[in-house]
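When a residue number appears, it is its place in the shown sequence, counting from 1. As a basis for the values below, the full set of heavy atoms in this structure was taken, side chains included, without hydrogen atoms, waters or symmetry mates. Not measured: the values here are computed from a predicted model.
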Amino acid sequence: MKMNPLGRTGLMVSELCLGTMTFGNQTPPAEAHRQIDRALEAGINFMDTAEMYPVNPVRAETYGRTEEIIGDWNAASGRRSEWILATKHSGEGSMARDGAPITSKTIRDTVEASLKRLKTDYIDLYQFHWPNRGSYMFRKNWRYDPSQSGWTRAQVVADMEDCLGALQAEVERGTIRAFGLSNESAWGTALWLEAAERVGGPRVASIQNEYSLLCRLADTDLAELMVYEDVGLLPFSPLGAGFLTGKYQGGAVPEGSRMSLNETMGGRLSPRVFEAVEAYLGVAREFDLDPVHMALAWSARRPFVASSIFGATTMEQLDHLLGASDLVLSDDLLARLDEVHKAHPMPY
């Protein structure tokens with residue numbers, strides 16, 4: 001398993017990251033624990049979760065259950081130290097803290113709650129799940145208007161500096177080792193980097209944004225920032241929420257799949273997405289590749305990516321996905337994938 005640096009933290013993470021958002025919903029605890037064991041056996045040392053997981057759907061009664069499942073594995077196995085473990089602080093509008101935004105006042109209690117559920121003394125990568133001011137992510141890129149966010153630049157900067165002080169206190173306590181963002185923009189990340197340099201606090205190590213052959217928003221300004229500032233992208237939904245597997249083609253909706261639980265696929269469903277997927281499946285056939293391996297390996301090997309986050313509902317799916325680590329992507333293949341992207345840009 002190829003290893004990559006996580007920003008400037010000194011931590012090295014596997015190019016594939018075990019995502020856990022189905023643990024406690026589609027994936028029961030015993031199956032989740034087997035997945036953790038199998039991923040570790042395959043050379044994966046990076047696992048991502050969040051206080052709000054599981055999702056599809058997010059429910060008050062299951063909030064935090066995924067962290068608890070991971071914590072039970074940590075306690076039973078005694079192998080916590082073999083993982084780079086990442087989790088996230090939910091932002092404004094979540095089911096936590098009555099929907100309160102992320103502030104210096106919420107960070108310590110939220111960290112403590114995650115530590116308790118995860119049954120650990122420290123979190124390797126602590127991420128803010130989405131910005132307080134709003135985000136282009138979650139298909140909001142079609143309508144998000146920063147001029148209507150209600151925030152001034154001075155307020156955004158003050159908010160960041162306030163949070164950095166609380167984050168630095170956690171670094172000094174030893175409860176977090178590194179800090180990352182999620183669903184963030186190039187401008188927002190640049191301000192976080194400037195603020196850390198100006199007032200102190202942990203430097204941004206990573207950005208967890210949606211990124212796949214179907215969703216390449218990060219390819220322009222954000223990519224340049226990540227390359228020059230040593231901030232690693234952690235793509236989520238590298239298989240396009242399952243579309244790129246081909247399992248939804250022809251109107252199919254497999255039992256227990258994401259589409260069976262979320263009819264619109266979080267706003268991704270459209271006639272154009274099936275056309276784009278068919279074109280990518282055609283490339284996989286042309287090069288005699290498994291489309292799952294092709295899509296996952298592509299996302300993991302981009303020059304600004306630290307680790308690509310995949311999720312599996314079952315052990316069978318996990319074993320299949322792990323084959324992506326052995327795939328070699330030729331220049332001819334990469335060129336063909338870019339041609340398909342030009343023909344089918346941003347299908348959702």
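Ion pairing between D109 and R97 fails under the 4.0 Å rule for side-chain N and carboxylate O. Salt bridge D219/R216: present, at least one basic N to carboxylate O contact under 4.0 Å.
Qualifying salt bridge (charged side-chain N to carboxylate O under 4.0 Å, His left out) partners for E41, counting only residues two or more places apart in sequence or in other chains: R38. Scored by the salt bridge (charged side-chain N to carboxylate O under 4.0 Å, His left out) test, E210 finds R139, R268 as partners (sequence neighbours excluded). Applying the salt bridge (charged side-chain N to carboxylate O under 4.0 Å, His left out) rule to E194 yields no partners; only residues at least two apart in sequence or on another chain are considered. When the salt bridge (charged side-chain N to carboxylate O under 4.0 Å, His left out) test is applied to R173, the partners found at least two apart in sequence or on another chain are E112, E170. In this view, Y280 satisfies the ring pair (Phe, Tyr, Trp, His ring centres under 6.0 Å) rule with no residue, not counting sequence neighbours. Listed by chain and residue number, Q26, T27, T313 satisfy the side chain to side chain contact (heavy atoms under 4.5 Å, CB included) test with T22 (two or more places apart in sequence, or in another chain). Evaluation of the side chain to side chain contact (heavy atoms under 4.5 Å, CB included) rule for P5 yields M12 as partners, not counting sequence neighbours. Qualifying side chain to side chain contact (heavy atoms under 4.5 Å, CB included) partners for N4, counting only residues two or more places apart in sequence or in other chains: K2, E15.
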Residues 325-335 side chain polar contacts: donor-acceptor under 3.5 Å, at least two apart:
residue : atom : partner : partner atom : Å
S325    : OG   : L322    : O            : 3.0
S330    : OG   : L333    : N            : 3.1

Less than 3.5 Å apart, which donor and acceptor atoms pair up between the side chains of residues 220-236 and the rest of the protein, not counting sequence neighbours?
residue : atom : partner : partner atom : Å
E229    : OE1  : R203    : NH2          : 3.2
D230    : OD2  : R8      : NE           : 2.9
D230    : OD2  : R8      : NH2          : 3.2

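Cluster membership check: I107 does not share its hydrophobic cluster with Y122, using side-chain heavy-atom separations under 4.5 Å among Ile, Leu, Val, Met, Phe, Trp and Tyr. In this structure, V204 is a member of the same hydrophobic cluster as L191, with clusters built from ILVMFWY side-chain heavy atoms closer than 4.5 Å. Both M160 and V199 are assigned to one and the same hydrophobic cluster, defined by single-linkage of ILVMFWY side chains at heavy-atom distances under 4.5 Å.
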Pair T49, E67 - check side chain to side chain donor-acceptor pair (under 3.5 Å), show working. CA-CA 7 Å; T49 190; E67 286 188 330; 5.3 Å; no
Between N45 and M3, does a side chain to side chain contact (heavy atoms under 4.5 Å, CB included) hold up when you go through it step by step? CA-CA 9 Å; N45 76 337; M3 307 296 284; 3.3 Å; yes
Take F46 and L85, measure what side chain to side chain contact (heavy atoms under 4.5 Å, CB included) needs, and give me the verdict at the end. CA-CA 6 Å; F46 193 24; L85 182 56; over 6 Å; no
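Aromatic ring centres of W73 and F23: separated by at least 6.0 Å. The ring of Y248 has its center closer than 6.0 angstrom to the ring center of F243. Residues Y136 and W142 keep their aromatic ring centres 6.0 Å or farther apart.
Counted within 6.0 Å of CD on E82, heavy atoms from surrounding residues, nucleotides or ligands total more than 12; the atom is thus considered enclosed. For E61, the CD atom counts as densely surrounded, since its 6.0 Å shell holds more than 12 non-hydrogen atoms of other residues, nucleotides or ligands.
Between the CG atom in L18 and the CZ atom in F310 there is a gap of 5.5 Å [rounded to 0.5 Å]. For the atom pair S135 OG and H129 NE2, the distance stands at 10.5 Å (nearest 0.5 Å). Taking OG from S185 and CZ from R133, the interatomic distance works out to 4.5 Å, rounded to the nearest 0.5 Å. Note: L125 CG to C17 SG = 9.0 Å, rounded to the nearest 0.5 Å. Between the NZ atom in K88 and the OH atom in Y126 there is a gap of 11.0 Å [rounded to 0.5 Å]. In this structure, CG in L115 is found 11.0 Å from CZ in R108, a value given to the nearest 0.5 Å.
Contact annotation: the side chain of H33 never approaches that of I70 to less than 4.5 Å [non-hydrogen atoms, C-beta and beyond]. Using a 4.5 Å heavy-atom threshold, the side chains of L181 and Q127 count as separate. A heavy-atom distance below 4.5 Å is not found between the side chains of N209 and L217. Residues Y144 and S149 form a side-chain contact, since some pair of their non-hydrogen atoms from C-beta on lies under 4.5 Å apart. Within the 4.5 Å cutoff, side-chain heavy atoms of I102 are placed close to those of F128. In this structure the side chain of L213 never reaches within 4.5 angstrom of the side chain of H341, judged on heavy atoms. Side-chain contact between E51 and R117 is present, with at least one heavy-atom pair separated by less than 4.5 Å. Side-chain contact check for L214 versus Y348: some heavy-atom pair is nearer than 4.5 Å.
Nearest heavy atoms, S104 versus C163: N-SG, 4.3 Å. Across every non-hydrogen atom of G201 and A196, the tightest pair is O-CB, 3.9 Å. Taking each heavy atom of P238 and I309 in turn, the nearest pair found is CD-O, 2.9 Å. In terms of heavy-atom proximity, A195 sits nearest to E161 at CB-CG, 4.3 Å. The two residues L16 and I44 make their nearest non-hydrogen contact at O-CG2, 3.4 Å. Nearest heavy-atom pair across L244 and A295 is CD1-CB, 4.0 Å.
Only one option out of E339, E275, E278 pairs with H344 in a side chain to side chain contact (heavy atoms under 4.5 Å, CB included); it is E275.
No donor-acceptor contact under 3.5 angstrom links the side chains of T120 and N74, judged on distance only. There is a side-chain donor-acceptor pair under 3.5 Å between R302 and Y211. Between the side chains of T66 and T20, no donor-acceptor pair is found at a separation under 3.5 Å.
R285 places no side-chain N or O within donor-acceptor distance of the main-chain N or O of D288, the cut-off being under 3.5 Å. Checked by atom type and distance alone, the side chain of T106 never pairs as donor or acceptor with a backbone atom of A100 at under 3.5 Å. Between the side chain of N25 and the backbone N or O of P54 there is no donor-acceptor pair closer than 3.5 Å. The backbone N or O of F274 lies less than 3.5 Å from a partner atom in the side chain of Q249, making a donor-acceptor pair. Judged by distance alone, with hydrogens and angles left aside, the side-chain atoms of N183 form no donor-acceptor pair with the main-chain N or O of P131 at under 3.5 Å. Under the 3.5 Å distance criterion, the side-chain polar atoms of T152 are matched with a main-chain donor or acceptor of Q155.
Grouped with W130 in one hydrophobic cluster are M21, M52, Y53, V55, V58, Y63, M95, the linkage being side-chain heavy-atom contacts under 4.5 Å among Ile, Leu, Val, Met, Phe, Trp and Tyr residues.
Within the structure, side chain to side chain donor-acceptor pair (under 3.5 Å) contacts touching residues 237-247 (residues at least two apart or in different chains) do not occur.
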